[in-house]
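Working notes for the structure below.
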Amino acid sequence: MPPTTSSPPPCTSPTSSLSVTETVNGSHKFTIQGYSLAKGIGVGKHIASETFTVGGYQWAIYFYPDGKNPEDHSSYVSVFIALASEGTDVRALFELTLIDQSGKGKHKVHSHFDRSLESGPYTLKYRGSMWGYKRFFRRAMLESSDFLKDDCLKIHCTVGVVVSTTDCSRLHSIKVPESDVGDHFGMLLENEDCSDIIFNVQGQKFHAHKLVLVARSPVFENELLDAMEEDNSEIVISDIEPKVFKALLHFIYKDDLIEDEELSASSSTSVISVFDTLTAKLLEAADRYDLPRLRLMCEAVLCKDISVSSVAKILALADRYHAMDLKSVCLKFSAENLVAVVQSDGFEYLKENCPLLQSELLKTVAGCEEDVSGGGKSRSVWAQFSDGGDTNDRSIRQPWENGGERSQNMWAQPENSNGRSPRQEE
């Protein structure tokens, strides 16, 4: 028998970390005025710059006019960068530049930064450790060069201290909870704390706060500013149902939709009309009080209810209350399911009450036809009339008995004097 293998234990969520090694760079300019007077100071003696800080350490430039070591017979000047503060095994990159003062830009540069180092960055073991060049420049050549001007030398140095860090955001992330400001404002609404206005909605009273309403709705702002001037603490509203106004206040204070069975129920399967649903009435309130986010939330709910039987009335609803995203979805759905939508009861409502929407639907159908010509669809929208088919399987197959019936006009048109429509005369 083959040996049995046990499955590995389940893994916990993987973790990750990131180590970053880079240089902390800093620069210093050191001007040596009176070079000729510095000559003869003696081998091994230097002129030091002011200290400067890079990477948390103090540094200084040392210039040796007579050279650093006796074996060079004072024929070279020496330049070094020294660690001027306490430190152990400080790793760094260096660059020393002797400035060409002729303006030609032919500086003398010694740099770690532009080349790879076989042994890595230079390590300074303790305070006073130095990096540089004993034979930085031959003195005789220096004194006849463009580097020396008006008895002045200019040295520029850059120090790059090597530091390694661990990306703390990956190892020690702090989770910020979701905003709870809506909960706090919701409690303010529910407890009626500090309320300063009452809405009498068909006999049912709602306590609210003027500042909250003014901040959320420009319509409330205009209405309540007038009420403030009149010192009116109660406003009567007779054309909104109490449950709709309650949902409206819930959004204003909590920035989300109220939990209600009518909002979660599908209007397409409900026995009531889409116009009578709480979502539709809340969409109307959002339009009335200029609350674009609430409007969009209602659009999202109604969009889930789009079907062949409901799309025409949802389209009319969207057009009435300026729900443009929902309207666009309805037009496109109607164009793609044209035969079934035209045969629905909702389309009859559309013909009788919203004739302008018919033109918009025709334009949408034409746009779909252009997609067909560009290869965007496998089948013409108008071709649906030939077999009653539907790209989304939501229409009912309608057999056409003869060519005359296939040419019947789907739009309501005025009849001419002989009782026939212009389409039927053709």
Closest contact, heavy atoms only, Tyr321 versus Arg295: O-NE, 3.4 Å
Take atom CG of Asp89 as the centre, draw a 6.0 Å sphere, and report whether it contains more than 12 heavy atoms from other residues, nucleotides or ligands. yes
Would you indicate whether the side-chain heavy atoms of Val161 and Arg91 approach each other to under 4.5 Å? no
Residue from Trp59, Phe94, Phe80 passing ring-ring contact (aromatic ring centres under 6.0 Å, His included) with Trp131: Phe94
Any side-chain heavy-atom pair from Asp183 and Phe185 closer than 4.5 angstrom? no
What pair of heavy atoms forms the shortest contact from Ser102 to Asp100, and how long is it? OG-OD1, 2.8 Å
The criterion is ring-ring contact (aromatic ring centres under 6.0 Å, His included); which residues satisfy it with Tyr126, sequence neighbours excluded? none
Worked check of salt bridge (Lys or Arg N to Asp or Glu O under 4.0 Å) between Glu221 and Arg216: CA-CA 8 Å; Glu221 180 180 4; Arg216 296 284 276 159; over 6 Å; no
So does Ser309 get a backbone contact from the side chain of Ser344, meaning a donor-acceptor N/O pair under 3.5 Å? no
Ignoring hydrogens and angles, tell me if any N or O in the side chain of Ser129 forms a donor-acceptor pair with the backbone of Leu124 under 3.5 Å. no
Trace of the side chain to side chain donor-acceptor pair (under 3.5 Å) decision for His250 with Asp256: CA-CA 7 Å; His250 179 94; Asp256 63 9; 2.9 Å; yes
Side chains of Lys106 and Asp146: does their closest heavy-atom pair fall under 4.5 Å? no
More than 12 heavy atoms from other groups under 6.0 Å of NZ on Lys254: yes
Tell me, with the steps shown, if Asn25 and Val54 meet side-chain contact (heavy atoms from CB on, under 4.5 Å). CA-CA 6 Å; Asn25 300 337; Val54 179; 5.7 Å; no
Kindly indicate whether the side chain of Tyr35, heavy atoms from C-beta on, has any atom under 4.5 Å from the side chain of Val77. yes
For residues Glu360 and Lys327, determine if any side-chain heavy atom of one lies less than 4.5 Å from a side-chain heavy atom of the other. yes
Does any N or O in the side chain of Thr97 come within less than 3.5 Å of the main-chain N or O of Ile99, such that one atom is a donor and the other an acceptor? no
Candidate pair Ser85 and Gln58, rule side chain to side chain donor-acceptor pair (under 3.5 Å), full reasoning: CA-CA 5 Å; Ser85 62; Gln58 294 289 310; over 6 Å; no
Should Ile237 and Asn200 count as side-chain neighbours, where that means a heavy-atom distance under 4.5 Å? no
Please name the pair of heavy atoms, one in Phe113 and one in Val159, separated by the smallest distance, quoted to 0.1 Å. CZ-C, 4.2 Å
Lys108, NZ: over 12 other non-hydrogen atoms inside 6.0 angstrom: yes
As a quick check of understanding, evaluate side-chain contact (heavy atoms from CB on, under 4.5 Å) for Thr279 and Val274, giving each step before the final call. CA-CA 9 Å; Thr279 308; Val274 64; over 6 Å; no
Shortest non-hydrogen separation from Leu357 to Ala316 and the atoms involved: CD1-CA, 3.9 Å
Could I get the full list of ring-ring contact (aromatic ring centres under 6.0 Å, His included) partners for His46, not counting sequence neighbours? Tyr62, Tyr64
Spacing of Leu93 atom CG and Thr158 atom OG1 [to the nearest 0.5 Å]: 10.5 Å
Is Thr23 reaching over with its side chain to a backbone N or O of Gly160, donor-acceptor style, under 3.5 angstrom? no
For Phe245, give me all partners under ring-ring contact (aromatic ring centres under 6.0 Å, His included), at least two apart in sequence or on another chain. Phe199, Phe206
Any side-chain heavy-atom pair of Glu223 and Tyr289 under 4.5 Å: yes
Under 3.5 Å, is there a donor-acceptor pair between the side chain of Thr277 and the main chain of Ala280? yes
Flag, side chain of Gln101 to backbone of Phe147, donor-acceptor distance under 3.5 Å: yes
Of all heavy-atom pairs linking Ala335 and Leu361, the shortest is N-CD1, 3.9 Å
Ser328 meets the side chain to side chain donor-acceptor pair (under 3.5 Å) criterion, sequence neighbours left out, with none
Are more than 12 heavy atoms, taken from residues, nucleotides or ligands other than Asp239, located less than 6.0 Å from that residue's CG atom? yes
Please check: side-chain N/O of Asp319 versus main-chain N/O of Leu315, any donor-acceptor pairing under 3.5 Å? no
Verify, without hydrogens or angle tests, whether Asp255 (side chain) and Phe251 (backbone) share a donor-acceptor contact under 3.5 angstrom. no
Sequence-distant partners of His110, ring-ring contact (aromatic ring centres under 6.0 Å, His included), two or more places apart: Tyr133, Phe136
Is the backbone of Cys152 close enough, under 3.5 Å, to the side chain of Gln33 for a donor and an acceptor to pair up by distance? no
Minimum heavy-atom distance between Ala84 and Arg127, given as atom pair plus value: O-NE, 3.3 Å
Assess whether side-chain contact (heavy atoms from CB on, under 4.5 Å) is satisfied between Ile258 and Leu248, documenting all intermediate values. CA-CA 8 Å; Ile258 194 171; Leu248 176 68; over 6 Å; no
Is Leu153 close to Phe63 at the side-chain level, that is, under 4.5 Å between some pair of heavy atoms? yes
Kindly determine whether Asp325 and Leu296 satisfy side-chain contact (heavy atoms from CB on, under 4.5 Å), including the steps that lead there. CA-CA 8 Å; Asp325 290 345; Leu296 202 58; 3.3 Å; yes
Test side chain to side chain donor-acceptor pair (under 3.5 Å) applied to Gln202 - qualifying residues, sequence neighbours left out: none
